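Written out below as structure tokens is the structure these notes cover.
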Amino acid sequence: MTFQPVDTRVSFPQLEERVLKLWNDHRVVEKNLAAGDRPFVFYEGPPTANGRPGLHHVISRIFKDVICRYRSMQGYRIIGRREGWDTHGLPVEIEVEKALGFNGKPDIEKYGIAEFNARCRESVWNYIQDWKAFTERIAYWVSDDAYITYDNNYIESLWWILQKLWQNDLLFRDYKVTMHCPRCGTSLSDHEVNLGFQDDVDDPSVWLRFKVSAADHTAAGARHAAALQHAAFLAWTTTPWTLPGNVALAVKPDADYALASIDGERVVMALALVPHVLGETAVVEQTFRGDELVGVRYERLFDGAPGSGDTVDEARLYRVIADEYVSLEDGTGIVHIAPAYGDLEIGRKHGLPTLFSVDLAGMVMPELGDLPFTGKFFKEADPDITRNLKERGLLFRSGRVKHSYPFCWRCGTALLYYAKRSWYIRTTAKKDLLVENNKQIAWVPEHIREGRFGNWLENNIDWAISRERYWGTPLPIWMAEDGYTECIGSLAELEQKAGRNLKDLDLHRPYVDAITWEDAQHGTMRRIPDVADCWFDSGAMPVAQWHYPMENQELYQLAYQADYICEAVDQTRGWFYTLHALSTLLFDRPAFKNVICLGHILDGEGQKMSKSKGNVVNPWTVINEQGSDALRWYLFTASPPGSPRRFSSALVNESLRKFMLTLWNTYSFFVTYAGLDGWVPPAHGVANQHLAPIDRWALARLHALVHDATAAFEAYDVTGAAREIEAFVDELSNWYVRRNRRRFWKSEADSDKQAAYATLYTCLVTVTKLAAPFIPFAAEAIYQNLVRGVDAAAPESVHLARWPQVDQQLVDQQLVDDTEVLLKAVSLGRAARKAAGLKIRQPLRQLWVRAPTAAGTDGLRRFEAELRDELNVKEVRFLDSSTDFIEYRFKPNLRIVGKKYGKLVPQLTAALRELSGDTARNAARAVEQGQSVWLTVGGSELELQHDELLVETSSPAGYAVAEDGGVLCALDTALTPELTSEGLARELVRNIQDARKEAGFAISDRIVVYLGGADGDAEVEAMLRSWGDYVRNETLAEDLVLTAPPESAYQVVLDLDDARSIRIGVRRQ
RNA sequence: GGGCGUAUAGCUCAGCUGGUUAGAGCGCGAUCCUGAUAAGAUCGAGGUCGGUGGUUCGAGUCCACCUACGCCCA
């Protein structure tokens, strides 16, 4: 039993296809979904399947996936890891309308709701095959057991929720301003309204007098009523036809208002706007703060008409209110409020009634009384209304204005802002709890909680839930002619009302509309025609996905709150909100505990990807070329999840090369040599005492990684965890493997070699498990070979294996830190060589090295062999302050000193700079030994602690030096003939190796080497006398011949200097 | 118009509660190292840390305002 050979020229897309087959053959997904004991609850935010999956779906699905995989490896059973499909709503209807060539609701009604809804039901599955293939191919592991929002069971649960809200007085009927087309007789969606905005629409612009009433001011306003007698409020509007709907005037509470006189009359308006509106001749008599005017009553312009069935509280009408929403940008700073035609929110906030002036056909209502413009179309009534007001002395000024205004995209008629009866969920009733519950949620990125989401909750308004549409969850509200309503909470209840079996009833329109019953008191009960906002469908999924409470009561007890959800940032006002709102309203608790909120994916230029721009990246292209793992890794590591990211396949390629291939090649290296040696992991592991220091380092580093990656995952810091893993793989490959290659090559199978194998094996297996949630395919392939290949008892998939645990025995932070200093020293040594023009191949006599602290230098001592080898020196010496050939420089450790000495810092820095010679050396010694240093600064003596100083060293003469952050490497550059000779030997070896490789020889081929032109060269001959065996050994040369190579040998030329060269030939034995 | 976020090298990103010479990877140039590697190392070119002002001994970091972009809302 041994490992399968691994090709370094791997094709990840092909490998992934093979892994998919393995998972299918062994039903791994199924087993994984069923595994675990402790519950971990995940909620799937349902996408709509009526479009092709794109890159943004990849990112949200893999961020969902990675956390579930991690938890699963920790032994959790993931509840709710299933598909979910959002199937209702206007976008679906629009698609179907487009396909049928329809032009709005009348076309649909003519076509028939039953047939139309049947088309909608089909259309949501247009791309389901794409979705299924895509989901499998990116390894998003969910069960097929999807919840579907149009399902009867799902709808029944929604009814239960609605009834519960109803019972708690949280579902109510009130006006809602919609954009209404008077000609088509229908409300338009936001989307439709946006289609029909026109700029530069010519409209009237009128300034009006609202005369202060003689009496009946409320207490607050009464104080100033006397001063305001015979004055009028000035207000401005571009829609005179809304004036009969006026119920109040609004001022800005903290703005200044002026009582001004002009041409003998007294008017009230915002002080700041007086010069602009009244001109220079106006005289300000008195000023008030806006909120001082609250309650002042004024004379109505017209008698508006209440909505049918409404009773109007006269006392609340025609008074000044104060609201922050009032702007001083234009107009007079006093705003005419007509809730029926756009100011409904403010009306509700201030408890104002709603009065109408025109009907749904856009005609001025006869209820206003006998007026010259009664029965006219609202736009055409404007001049008549203006004239009427002028005749009554209420018009202050009039003109025309150009602004933007919405028109019906279908028929071009000016739209009406119109308050219609609508159904609301009273979220404001629990606003404080919404805010409180949000504080319990852990958001990634954190700022969403207080920022975007928190703000949204602070400004909460009631949720308008009804839609006058067809393809949606029918609201289960039945109403009698007299307005009596009942809310039905289940199919059983409806059956009881209807008095018959409804098991086969499709709960959608129009079928449900046909269910009526007779109420003894109120007569025939009919369903209201509205359907629910489809955000209600998805927001209710925690309940409805399980058909609770009709089914799954026990399951629901586990799954009533999600441990984790993840969607893109646009869901803060969408799904995140509706989940949160419904959970708080129904159960007083947050719906989810942790949430990752993803930024959007942009194209390479930072532009939003959209079909019209043609810059949409098809995920399949990337998956087929670079593989799902590479794409996943890129998306996990490239930037923090909450940031918008520019996508480029070049960067996916970088992930592939930088991480995937580094891991793969390390794995391949291991398998190659383990295969040659027939090495398999020993049953009882490797005894600790056989581990080399670098093995201990690798294991200490590994367990630090396990700790850090686990901690990052626990904080839902996916990117952090991935970046930790990437850093480790890099060090494993470029330090551990590179340093230890010879231990794997050597022919003796001693304990040292065993230790190397065991160490590398442990690192690879462990890191593979850590990487498994991120790159499920490659991790599986590696695991199958390294673990399953030699241990039939191991879990059959890495995704069924357990998450690695930190082994405290192996943790050694000191060793990890010391190695970091070593790596730094090695890097500096190379820099020093580079600066002196000395190749690494040329051995040097001596290296001097020091770390910033004595302890650091001691840490380096244990790596003397590594330093010698890496930097190719004969001897390593460690510097301390007793060495007198270097100069010391000092800087303050600002992090500590800055706070302590404040303004003294510049002088202190200067004083330290002055230290030199023996004074400096003494100070350096003191710092090294942990003693304090006395220094004269600004005339007084300061005692500086050893950690308040940073010591740097400068170059001794005759040495090649590099220094950074207190680490110093100094190389003795003097060359002896022996050193030169050895350098030449290594140069020769390198050239012969190159020639072997270029000639295409196998690693184990024995060869003959010809050295043409070397015969008689004293330097070369001397070198061969000392180093001939070394050269033969390294290059597997049976023979070194000092003659020109024959034609049959592969040849290269090694230049010794300008005049001399060796013609090297290699030939297989 | 409001809210939130983002802005650091040609590109993608680090930069902890303010602190020492602002870093990494990719790309570019040069050199080196290399019989696991599509890799690695060193050096170099490339930064007014979006702008202006402020607080501070000291600002990429904190504050204010502004600009551009993105998202959401109006």
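For the numbers below, each heavy atom of this structure counts, side chains included, while hydrogens, waters and symmetry mates do not. This structure is a prediction, so every number in the text was calculated from the model and none was measured. The chains referred to below are lettered A, B, ... by the order of the sequence lines, with proteins before strands, and numbering in each begins at 1.
- A:Asn893 comes within 4.0 angstrom of a nucleotide base, judged by non-hydrogen atoms across all strands.
- Spacing between atom CZ of A:Phe669 and atom C1' of B:rG40 amounts to 14 Å, rounded to whole angstrom units.
- For A:Ala831, the side-chain atoms get nearest to B:rC43 when compared with the rest of B:rC43, B:rG5, B:rA36.
- For A:Trp456 and B:rG2, the CH2 to C1' distance is 13 Å, given to the nearest whole Å.
- Going from atom CG of A:Asn734 over to atom P of B:rA36 covers 13 Å, rounded to whole Å.
- Between the base of B:rA36 and the side chain of A:Ser733 there is a donor-acceptor pair shorter than 3.5 Å.
- Among A:Val1009, A:Thr1035, A:Leu1054, A:Val1066, the one residue that satisfies the side-chain contact (heavy atoms from CB on, under 4.5 Å) test with A:Asn991 is A:Leu1054.
- On a pure distance criterion of 3.5 Å, no polar donor-acceptor pair joins the side chain of A:Arg833 and the base of B:rC32.
- Atom pair A:Gln842:CD and B:rU42:P shows a separation of 21 Å (rounding to whole Å applied).
- Residue A:Val729 is classed as having no contact, given no heavy-atom separation below 4.0 Å to the nucleic acid.
- Nearest heavy-atom pair, A:Val569 versus A:His600, reported as atom, atom and distance to 0.1 Å: CG1-CE1, 3.5 Å.
- Of the two residues near RNA chain B, A:Lys900 and A:Arg738, the one whose nearest nucleotide lies more 5' is A:Lys900.
- Considering only the side chain of A:Arg895, B:rU17 comes nearest among B:rA39, B:rU17, B:rU37.
- Atoms CD1 (A:Ile840) and P (B:rA41) sit 13 Å apart, rounded to a whole Å.
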